[in-house]
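Step one of this worksheet: look at the structure below.
Just so we're clear, the structure is a prediction, and the values are computed from it rather than from any experiment. Whatever order the structure lists them in is the order used to number ligands and atoms, beginning at 1.
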Amino acid sequence: MSLPRLCFALLVTVVSLIAAQPPNVVFIFADDQRADTIAALGNPVIKTPNLDRLVKRGVAFTRAYMQGGNQGATCVPSRAMLLSGRSLAQIDERLLKHATWPHAFGEAGYATFATGKWHNGPPSIPKSFQQAKALFVGGMANPLKAPTSDMLPTGKLTPAKISPKHLCEEATDETLAFLKSQEGKQPFFSYLAFDGPHDPHIVPEGFPVDYAPASIPLPPNFLPQHPFDNGEMVIRDEQLLPWPRKQADIQTMLAEYYRYISFLDVQVGRVLDAVDASPYAANTIIVFAADSGVARGSHGLIGKQNLYEHSMRVPLIVAGPGIAADKRSEALCYLFDVLPTLGKLCGVTAPSGSNGSEFTAVLKNPSQPARPFLMFGYKTIQKALNDGRWKLIRYPHVDRTQLFDLQSDPHETKDLSGDPAQAERIQAMLAKLGAEMKADGDNDPLTAAKLLPADWKAPTKLPKPGQKGY
Ligand SMILES: [Ca+2]
């Protein structure tokens with residue numbers, strides 16, 4: 001090659017490298033959606049054709065988890081962890097004390113946009129995103145009558161208006177409008193947070209997908225009542241059904257829950273279609289996840305104020321350029337590792353204090369491991385360690401410990417803590433849990449100063465909204 005030609009070739013390479021934009025991100029976040037609610041990942045009953053599409057084109061994590069919470073509304077800490085990339089012991093739940101990952105994407109030249117559920121207080125919205133529409137900032141509400149607000153250029157929210165549509169549909173509309181407005185001058189980060197399938201399980205009238213309760217299998221770990229007082233037996237979520245839990249009630253609840261998930265799946269499909277039809281389809285990472293799972297009859301529980309797999313494990317699917325297609329990964333990871341991973345893929349510098357671990361290696365090669373172990377916490381009353389095979393849950397207030405072999409017992413039905421052959425393992429895991437909690441800044445004791453009785457009977461008088469224990 002002659003010198004001028006070589007120079008020209010080099011120039012073209014340099015220009016094309018500069019012109020290659022970092023990938024866009026479309027992040028879809030569900031509320032209280034169990035990891036076992038996706039057809040393509042093994043649920044034999046539910047219909048989720050669009051999530052199945054996403055599973056086909058990306059990596060689906062079967063062992064991704066939220067880390068826990070310091071209050072019953074675990075939505076709040078879960079979102080704070082996700083958006084800040086910080087572990088449970090390190091978060092400011094209102095996201096005011098530290099910069100967030102979406103803010104970091106904005107600093108790196110991304111257009112950033114949020115819509116749907118926001119659960120960390122209005123002041124943190126403009127600190128995180130440049131634009132926001134149809135935000136639902138309140139507590140729980142009927143999604144057909146949910147008040148939504150838009151963010152003005154000043155960062156203030158417009159007075160809440162009642163949406164004429166299901167909130168999840170309206171938030172999807174706003175996502176499609178944002179995607180359409182992108183002209184390719186800068187990359188974008190779009191965050192769509194459904195407020196479902198959190199209860200109440202309400203979908204628009206006439207939504208065609210329906211499930212007969214009798215067709216829904218009971219969870220393999222169904223119990224009429226939790227075997228002992230886990231410290232959170234009568235909180236709001238647990239009051240959704242009476243005790244003892246009846247099989248038919250759980251089936252009806254799951255039928256409505258699945259229907260809601262199928263409705264959300266349609267919204268996911270609308271987003272996938274919009275990205276596919278856009279000029280930036282090949283350069284967009286799509287992520288689907290949820291803030292927590294939920295019990296829905298497993299272990300005699302309904303809500304997510306416990307550390308069992310059904311409540312802590314979350315769906316996580318990542319698809320996009322350079323990411324393996326139609327693969328499963330058993331790598332252990334937390335939700336708060338997801339934005340550090342996207343940051344790495346997009347060349348975005350981490351905000352200070354983000355201590356999540358990026359797992360980009362798993363996205364290229366899904367047989368790679370990620371974290372060696374995970375730990376979990378719920379208030380001071382439940383702490384847990386999962387080393388990949390063994391899971392130990394400690395309940396300091398009633399001096400109870402459970403040990404499960406997740407390899408032979410993924411549904412946590414056989415507590416091995418009374419087996420003398422496991423005594424050494426339990427001691428070692430308790431010591432490791434205590435040490436790792438301290439290292440992360442969680443100084444809660446694993447042995448309570450004052451012990452309470454572990455036996456529990458459903459009370460005749462239940463706490464009401466606003467009362468202690470609700
Ligand atoms: Ca939630």
Side-chain angles (χ1 to χ4, degrees), residues 27-38 51 64-84 86-88 91 93-95 114-121 124-125 128 135-143 146 148 166-168 171 191-203 232 235-240 253-254 256-258 260-261 263-265 267-268 287-298 301-317 334-336 338-339 376-379 382 465 470:
F27 196 105
I28 308 174
F29 203 40
D31 189 358
D32 292 10
Q33 182 168 345
R34 286 172 67 121
D36 63 2
T37 55
I38 297 172
L51 287 172
Y65 296 82
M66 77 94 97
Q67 202 189 9
N70 292 319
Q71 58 160 306
T74 62
C75 294
V76 181
S78 182
R79 284 146 209 267
M81 284 186 273
L82 172 84
L83 295 168
S84 66
R86 287 171 177 247
S87 55
L88 183 61
I91 46 162
E93 290 195 342
R94 291 178 65 80
L95 290 172
T115 181
K117 177 163 174 165
W118 189 265
H119 229 50
N120 304 84
S124 54
I125 300 166
S128 300
L135 285 170
F136 171 54
V137 295
M140 274 153 310
N142 179 338
T148 63
H166 193 287
L167 178 64
C168 297
Y191 173 77
L192 163 60
F194 296 139
D195 75 327
H198 195 297
D199 71 275
H201 303 142
I202 296 173
V203 300
E232 206 65 296
I235 193 163
R236 176 208 174 269
D237 289 4
E238 297 304 330
Q239 293 187 31
L240 291 172
M253 187 179 227
L254 282 171
E256 290 167 357
Y257 180 65
Y258 283 11
Y260 200 167
I261 290 168
F263 172 69
L264 298 179
D265 183 79
Q267 311 310 318
V268 170
V287 181
F288 177 83
D291 68 345
S292 77
V294 76
R296 298 288 178 265
S298 293
L301 302 169
I302 307 297
K304 64 260 176 177
Q305 294 81 7
N306 61 78
L307 301 183
Y308 292 113
E309 296 288 287
H310 46 74
S311 296
M312 306 310 289
R313 207 157 66 85
V314 295
L316 174 63
I317 310 164
Y334 295 118
L335 266 181
F336 71 85
V338 175
L339 288 187
F376 307 95
Y378 178 70
K379 297 187 176 174
Q382 302 171 15
Y470 182 80

Could you go through His166 and Gln267, starting from their C-alpha distance and side-chain angles, then the distance that decides it, and tell me whether this counts as side-chain contact (heavy atoms from CB on, under 4.5 Å)?
CA-CA 11 Å; His166 193 287; Gln267 311 310 318; over 6 Å; no

Atom name, Asp31 (N, O or S, nearest to the Ca ion (ligand 1)):
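Restricting Asp31 to its N, O and S atoms, the minimum distance to the Ca ion (ligand 1) goes to OD1.
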
Output the atom name for the N/O/S atom of Asp291 with the smallest distance to the Ca ion (ligand 1).
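Closest to the Ca ion (ligand 1) among those atoms: OD2.
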
Kindly give the heavy-atom pair with the smallest separation between His310 and Ala295, and that separation in Å.
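The answer is ND1-CA, 3.5 Å.
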
Hey, what's the ring geometry for Phe376 with Tyr334, parallel, tilted or perpendicular (30° and 60° as the breaks)?
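Plane angle over 60°, so perpendicular.
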
Can you classify the ring geometry of Tyr260 versus Phe263 as parallel (below 30°), tilted (30 to 60°) or perpendicular (above 60°)?
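Aromatic pair Tyr260/Phe263 classed tilted.
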
Apex the Ca ion (ligand 1); atoms Cys75 SG and Asp32 OD1; angle rounded to 10 degrees:
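Between SG of Cys75 and OD1 of Asp32, the angle at the Ca ion (ligand 1) is about 130°.
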
